[in-house]
Protein chains: 2
Amino acid sequence: MKEKELRRSLAVLPIGTVMKLANLSARQIRYYEEQDLIHPERNAGNRRMFSLNDVDRLLEIKDYLADGINMAGIKEIYAQQQQKAAQQAADLARPLTDNDVRRILHDEFLNISGFKAKNGPEFPTH
Amino acid sequence: MKEKELRRSLAVLPIGTVMKLANLSARQIRYYEEQDLIHPERNAGNRRMFSLNDVDRLLEIKDYLADGINMAGIKEIYAQQQQKAAQQAADLARPLTDNDVRRILHDEFLNISGFKAKNGPEFPTH
DNA sequence: AAATGATGTAATATTTTCTTACATGAATGA
DNA sequence: TCATTCATGTAAGAAAATATTACATCATTT
């Protein structure tokens, strides 16, 4: 369902709409952007334009704040999520080559025989 | 999927966004509203706010116009659609009563025996 | 040719949003 | 406790978006 993702990431909402949907003040929304928690686009006239994904994230941020997590904490949460996503993307980007397979088998044998491979595999192993 | 319908009918888009999504001028959009082909909501400051359904309809209108159908024609098309929808809603609103069933059976017998019922059933028959 | 239909354009008012700056109350840390 | 920091409110002034109204235009219909 690629089209759905596209729809949800389309920046079509002005800040006034987002304020109502997320029940946040313009000040709060702009502050969260300043803190790099969201990254709304800008239209030709420099107005912020938000996507449905942005709204979802704002609602998430609200929840985290309600749970007593502060900006720094939320920032870290998203940093880790993005870290994980980047890793998965990298994994997907390069499927296993025959050479990878040989190296994996080689490392496996080293492990079994009690030796330690110098570097963990930087490709998907499952 | 009631929530989806709700989402699609939420008036969240300003006219500037709609202009881009439907590739129509503000003049055209306002004119179609004047012709009662769309009915965007208004926010507290009197700005038109459109739903995704509104955008869909605008794209439909564009197609009809491209096919050479004029405002009057499009208006009629929507009038008939709304007519049909109203009828279906009415049908759904009143489920069959025991009495309806008896009348249907009665009419069926009349038909079989070559007679004609005075009035067609005004309730769903399937 | 005159009228109508669909759209463009201009003028002016109002609303929305932007940035920047300062204020504030709660929580934190020295 | 006193000074900071954090998260948010508020105000001011500028710029952008939108509203309404009126007139222009070009094609089609009558």
Side-chain angles (χ1 to χ4, degrees), chain A residues 10-79, chain B residues 10-79:
Chain A
L10 263 190
V12 293
L13 309 172
I15 199 171
T17 293
V18 175
M19 289 171 64
K20 287 173 194 157
L21 291 179
N23 197 30
L24 289 169
S25 70
R27 183 66 166 95
Q28 287 174 303
I29 296 171
R30 296 194 192 109
Y31 184 62
Y32 303 156
E33 179 189 17
E34 194 181 316
Q35 298 296 313
D36 266 323
L37 297 183
I38 51 171
H39 307 90
E41 296 182 15
R42 298 290 182 121
N43 70 7
N46 198 37
R47 265 59 198 163
R48 291 173 180 82
M49 298 301 289
F50 300 77
S51 69
L52 288 177
N53 282 334
D54 288 328
V55 176
D56 281 346
R57 172 163 285 215
L58 285 171
L59 291 172
E60 267 184 29
I61 294 172
K62 254 184 84 162
D63 285 346
Y64 285 136
L65 288 175
D67 285 352
I69 305 177
N70 64 8
M71 292 290 129
I74 300 173
K75 228 177 289 190
E76 181 60 24
I77 289 170
Y78 286 135
Chain B
L10 264 189
V12 293
L13 309 173
I15 199 170
T17 293
V18 175
M19 289 170 63
K20 286 173 194 157
L21 290 180
N23 196 30
L24 290 168
S25 70
R27 182 67 167 93
Q28 287 174 305
I29 296 171
R30 296 193 191 110
Y31 183 63
Y32 303 157
E33 178 188 19
E34 194 182 314
Q35 298 295 313
D36 265 324
L37 297 183
I38 51 170
H39 307 91
E41 295 182 14
R42 299 290 182 122
N43 71 5
N46 197 38
R47 265 59 197 162
R48 290 173 181 80
M49 297 302 288
F50 300 76
S51 69
L52 288 177
N53 281 334
D54 288 328
V55 176
D56 281 347
R57 172 162 288 214
L58 285 171
L59 291 172
E60 265 184 30
I61 294 172
K62 253 183 85 164
D63 285 346
Y64 286 136
L65 287 175
D67 287 352
I69 304 177
N70 63 9
M71 293 289 130
I74 300 174
K75 228 177 291 191
E76 180 61 24
I77 289 170
Y78 287 135

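Just so it is clear, the structure is predicted and the values come from calculations on it, not from any experiment.
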**Study point:** A/Q28 side-chain N/O to A/S25 backbone N/O, donor-acceptor pair under 3.5 Å
**Key:** yes
Review point. Under 4.0 Å between a side-chain N or O of A/Y32 and OP1 or OP2 of D/dT8?
Key: yes
Check your understanding: Between B/E41 (CD) and D/dA19 (C1'), how many Å, whole number?
Key -> 17 Å
Review point. What string of B, S and - do you get for nucleotides 12-30 of chain C 5' to 3' if you count protein non-hydrogen atoms under 4.0 Å?
Key: --BSSBBB-----------
**Study point:** Phosphate contact (C/dT7 OP1 or OP2) by B/Y31 side-chain N/O below 4.0 Å
**Key:** no
Check your understanding: Listed in order of residue number, which residues of residues 58-75 of chain A have a non-hydrogen atom at under 4.0 Å from DNA chain C?
Key -> none
Review point. Can you list the residues that meet the side-chain hydrogen bond (donor to acceptor under 3.5 Å, both in side chains) rule with A/N70, with sequence neighbours excluded?
Key: none
Exercise for review: Provide, to the nearest angstrom, the distance between the CD1 atom belonging to A/I29 and the P atom belonging to D/dA7.
Suggested key: 16 Å
Exercise for review: Check side-chain hydrogen bond (donor to acceptor under 3.5 Å, both in side chains) between B/R47 and all other residues, then give those that pass, not counting sequence neighbours.
Suggested key: none
**Study point:** Qualifying residues under side-chain hydrogen bond (donor to acceptor under 3.5 Å, both in side chains), relative to B/Y64, sequence neighbours excluded
**Key:** none
Check your understanding: Would you call B/E41 and B/R48 a salt bridge, using N to O less than 4.0 angstrom?
Key -> no
Point to revise | Check ion pair B/E34-B/K75 (N to O, under 4.0 angstrom) | key: no
Exercise for review: With sequence neighbours left out, write down each residue that passes salt bridge (Lys or Arg N to Asp or Glu O under 4.0 Å) with B/R30, or none if nothing qualifies.
Suggested key: none
Review point. Do B/R57's NZ or CZ and the ring of B/F50 fall within the cation-pi criteria of under 6.0 Å and 45°?
Key: no
